[in-house]
Amino acid sequence: MTAKSSLLKVILLGDGGVGKSSLMNRYVTNKFDSHLFHTIGVEFLNKDLEVEGRPVTMQIWDTAGQERFRSLRTPFYRGSDCCLLTFSVDDSQSFVNLANWKKEFVYYADVKDPDGFPFVVLGNKLDVAERQVTAEEARRWCRENGDHPYYETSAKDATNVAAAFEEAARRVLAVDERAEHLMATDTVNLHRKSRSGATCC
Ligand SMILES: Nc1nc2c(ncn2[C@@H]2O[C@H](COP(=O)(O)OP(=O)(O)OP(=O)(O)O)[C@@H](O)[C@H]2O)c(=O)[nH]1
């Protein structure tokens, strides 16, 4: 008998043109197109993978980064298990805007505990010669804004793309396990209280 696959919803956010669609296409189809059109609204693709021996279906949602499409993308944030905050290492404004993307996600996804939510940060276009954001600056931002994992990727030459998505899946499963552990602990505590009668009447 095969184990049931968990469905994880992972959403890509970031400025228009940073490479969100290219990252999704590289990961799911292993292809790169240098003439992609801007996304309008949202699109998604599924990818089956295994995380620490568990079968997982990752539903990857690619959103439109351009401001004019805000109202078309935000209704799709709810229910996300992980958010990939994406910028391009050759575009400092896209890095500065990470804070706004995080805020927009937390608001529209109605995240109750932003500190416990799994965000992963991706600095894409690692292959370009002229960087505007250093790895150190990006790591510092991640450290100071919730200790998010940071991956430098290139959708063009496939550097670190699978590693970044796999980290997203691992983070989601780790949060699930913590929640299951807390539920189990609560059950034990309640049981103990009622048996001792310490909290009764
Ligand atoms: N050199 C380089 N170019 C890339 C990379 N990833 C994407 N691009 C190019 O950057 C441009 C924008 O890529 P998209 O994937 O459409 O960007 P997006 O973030 O989905 O853009 P929106 O749909 O407007 O939000 C395209 O011309 C891609 O070919 C990369 O890793 N390296």
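Counting starts at 1 for both ligands and their atoms, following the listed order. Residues take their numbers from the sequence shown, with the count starting at 1.
Where the criterion is an N or O separation shorter than 3.5 Å, residue side chain and backbone included, Gly14 fails it with respect to ligand 1. Considering backbone and side-chain N/O atoms, His35 never comes within less than 3.5 Å of an N/O atom of ligand 1. On a distance-only criterion, Gly16 and ligand 1 share no N/O pair closer than 3.5 Å. Considering backbone and side-chain atoms alike, Leu36 places every N or O at 3.5 Å or more from each N or O of ligand 1.
Proximity of Thr39 to ligand 1, defined as any heavy-atom pair under 4.0 Å, is shared by backbone and side chain alike. For Asp15, every heavy-atom contact with ligand 1 shorter than 4.0 Å involves the backbone, none the side chain. With a 4.0 Å cut-off on non-hydrogen atoms, Leu126 does not touch ligand 1 at all.
If you number the atoms of ligand 1 from 1 as listed, the ones under 4.0 Å from a heavy atom of Lys20 come out as 15 (O), 17 (O), 18 (P), 19 (O), 20 (O), 21 (O), 22 (P), 25 (O). With ligand atoms numbered from 1 in the order given, ligand 1 contributes 25 (O) to contacts under 4.0 Å with heavy atoms of Thr63. Every atom of ligand 1 is numbered from 1 in the order shown, and the set under 4.0 Å from a heavy atom of Val128 is 1 (N). Of all atoms in ligand 1, numbered sequentially from 1 with element shown, those under 4.0 Å from a heavy atom of His38 are 22 (P), 23 (O), 24 (O). Those atoms of ligand 1 with a heavy atom of Asp127 less than 4.0 angstrom away are 1 (N), 2 (C), 30 (C), 31 (O), 32 (N).
Checking side-chain atoms of Arg26 against main-chain N and O of Val161 turns up no donor-acceptor pair under 3.5 Å. Side-chain atoms of Asp81 never come within 3.5 Å of backbone atoms of Val10 as a donor-acceptor pair (strictly under, hydrogens ignored).
Between Ser88 and Asn124, the side chains place no donor N or O within less than 3.5 Å of an acceptor N or O (distance only, hydrogens not considered). No side-chain N or O of Glu104 forms a donor-acceptor pair with one of Asn100 less than 3.5 Å apart. A side-chain donor from one of Thr39 and Ser21 sits under 3.5 Å from a side-chain acceptor of the other. Of the N and O atoms on the side chains of Ser94 and Asp15, not one donor lies less than 3.5 Å from an acceptor on the other residue.
Cation-pi geometry between Lys102 and Phe119 is satisfied (NZ or CZ under 6.0 Å from the ring centre, within 45° of the ring normal).
Checked for salt-bridge contact, Lys112 and Asp110 meet the test: a charged N lies under 4.0 Å from a carboxylate O. In summary, Arg70 and Glu67 engage in a salt bridge, as defined by a charged side-chain N under 4.0 Å from a carboxylate O. Between Arg54 and Glu50 there is no salt bridge, since no side-chain N of the basic residue sits under 4.0 Å from a carboxylate O of the acidic one.
Looking at atom 6 (N) of ligand 1, its nearest protein heavy atom turns out to be Asn124 ND2, 3.2 Å. Here the heavy atom of the protein found nearest to atom 28 (C) of ligand 1 is Ser22 OG, 3.8 Å. The nearest protein atom to atom 31 (O) of ligand 1, hydrogens excluded, is given as Ala155 N, 2.8 Å; this is a heavy-atom distance. The nearest heavy-atom contact from the protein to atom 17 (O) of ligand 1 is Gly19 N, 3.1 Å. The closest protein non-hydrogen atom to atom 21 (O) of ligand 1 is Gly17 N, 2.8 Å. The nearest protein atom to atom 27 (O) of ligand 1, hydrogens excluded, is given as Ser34 O, 3.2 Å; this is a heavy-atom distance.
A heavy-atom separation below 4.0 Å is found between Phe32 and ligand 1. Contact annotation: Thr153 has no heavy atom less than 4.0 Å from any atom of ligand 1.
The heavy atom nearest to atom 11 (C) of ligand 1, considering only Lys156, Arg26, Lys125, is found in Lys125.
In the hydrophobic clustering of this structure, Val42 groups with Trp101; members are Ile, Leu, Val, Met, Phe, Trp, Tyr whose side-chain heavy atoms approach within less than 4.5 Å, directly or through other members.
Using the six-membered ring where Trp is involved, Phe105 and Phe117 have ring planes that are tilted, between 30° and 60° apart. Ring-plane geometry between Tyr150 and Phe87 is classed as parallel, the angle between the planes falling under 30 degrees on a 0 to 90 degree scale with a further cut at 60.
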